[in-house]
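Please read these numbers as outputs of a predicted model, since none were measured by experiment. What's counted below: heavy atoms across the whole structure, side chains too, no hydrogens, waters or symmetry copies. Counting starts at 1 for both ligands and their atoms, in listed order.
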Amino acid sequence: MAHTPRKRFGQNFLHDHNIIYNIISSIQAEPGQHWVEIGPGQGALTEPLLNEGVRLDVVELDRDLVVLLREKFKQYPDLNIHSADALRFDFSSLADGGKLRVIGNLPYNISTPLMFHLLDNAYCIEDMHFMLQKEVVDRICAVPGSKKYGRLSVMMQYYCQPELLFEVPPESFDPIPQVMSAIVRLVPHRQPPVAVNDVSKLNRVVTQAFSQRRKTLRNSLKKLITEEEITALGIDPTLRAENISLVEFASLSNLLQEE
Ligand code: SAH
């Protein structure tokens, strides 16, 4: 049965066998491990993953694809197909005490909220491997001082250690997307890398600082923190957000009062 790719579901199906092979070799799936795939589509990654002997739960939004997947993989007792929106799916319900390994060639329009949704349950996740726009992977991995360093870098690095594995050219997909893609590995930290009293405060300070990234902290954070408070932390208030490390953002966030 042929399936016409649907733009509104962010469908770009992988068809390059070398890329699929590279993804499967870099994730090192072991028999018996519990994996979750988001957006299996027509099963480009699902099939080789199942052939590694893993237990697999997949979450697919497009009901037509769910029908197609159920038919295609009916011989696989270790596969559970969930017809659901990954943004609303309770991933912790799958974990049954163990840790999940996650993979997905994500719909690019929802990739950021989806990663944060998964990271809300980071304690039950061993690692995640995502196909994303290369631009987004660069921003996730960016370090202070670089142009791409921003809210996404700080917040993702608070939750996990990111690593760009390799790039994937547009021709590897059908239909061909406009942008370069890349595979990123995200390993949630077992212990938070910095002491943050409240993640929502970290998010507030980081969002505020980068919303006016050309301004100095003294100005951009004026409504939240005084210049004296910034200086008292040993942070130069004339710096811009792009020069502030996660550790420094954490100590700034710990100054915020309850709203
Ligand atoms: N993994 C497949 C398909 C990638 S396209 C491959 O590599 O070829 C992205 C897939 O995510 C599509 O199957 C699309 O229907 C699905 N999808 C889009 N939004 C989703 C959502 N909110 N929850 C779960 N799946 C979604």
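Side-chain contact of R151 with N203: a donor-acceptor pair under 3.5 Å is present, judged by distance alone. Checking Q212 against S220 by side-chain atom types alone, no donor-acceptor pair falls below 3.5 Å. For T46 and Y76, the side-chain atoms include no donor-acceptor pair closer than 3.5 Å. Between the side chains of D64 and H3, no donor-acceptor pair of N or O atoms lies under 3.5 Å. Residues W35 and E37 bring no donor and acceptor atom of their side chains to less than 3.5 Å of each other.
In terms of protein heavy-atom proximity, atom 23 (N) of ligand 1 is closest to A86 N, 2.9 Å. Counting protein heavy atoms only, atom 18 (C) of ligand 1 is closest to F9 O, 3.0 Å. In terms of protein heavy-atom proximity, atom 2 (C) of ligand 1 is nearest to P40 O, 3.3 Å. In terms of protein heavy-atom proximity, atom 12 (C) of ligand 1 is nearest to Q11 CG, 3.5 Å. Among all protein heavy atoms, the one lying closest to atom 16 (C) of ligand 1 is E60 OE2, 3.3 Å. For atom 8 (O) of ligand 1, the closest heavy atom belonging to the protein is L14 N, 2.9 Å.
Less than 4.0 angstrom separates some heavy atom of L61 from each of these atoms of ligand 1: 19 (N), 20 (C), 21 (C), 22 (N), 23 (N), 24 (C), 25 (N), 26 (C). Those atoms of ligand 1 with a heavy atom of D62 less than 4.0 angstrom away are 15 (O). Contact atoms of ligand 1 toward G41: 3 (C), 13 (O) (distance under 4.0 Å to a heavy atom of the residue). Ligand 1 places these atoms under 4.0 Å from at least one heavy atom of L65: 13 (O), 15 (O). Within ligand 1, counting atoms from 1 as listed, the ones closer than 4.0 Å to a heavy atom of N12 are 4 (C), 5 (S).
When the options S172, P113, G39 are ranked by their closest heavy atom to atom 11 (O) of ligand 1, first place goes to G39. The closest heavy-atom contact to atom 22 (N) of ligand 1, among the options V66, I20, I19, D85, comes from D85.
Put simply, no part of G104 is less than 4.0 Å from ligand 1, judged by heavy atoms.
Looking at H15 against ligand 1, nothing comes within 4.0 Å, counting heavy atoms. In L114, neither the side chain nor the backbone holds a heavy atom less than 4.0 Å from any atom of ligand 1.
For the pair E52 (side chain) and E30 (backbone), a donor-acceptor distance under 3.5 Å is absent.
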Run R101 and E126 through salt bridge (Lys or Arg N to Asp or Glu O under 4.0 Å) and show every step you take.
CA-CA 5 Å; R101 299 193 70 193; E126 181 72 36; over 6 Å; no
With side chain to side chain contact (heavy atoms under 4.5 Å, CB included) as the criterion, how do M115 and L132 come out once you've worked through the C-alpha distance, each side chain's angles and the decisive distance to 0.1 Å?
CA-CA 11 Å; M115 285 188 286; L132 298 172; 3.9 Å; yes
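Taking a cutoff of 4.0 Å between a charged side-chain nitrogen and a carboxylate oxygen, K148 and E135 qualify as a salt bridge.
Other residues, nucleotides and ligands contribute more than 12 heavy atoms inside 6.0 Å of the NE2 atom of H189.
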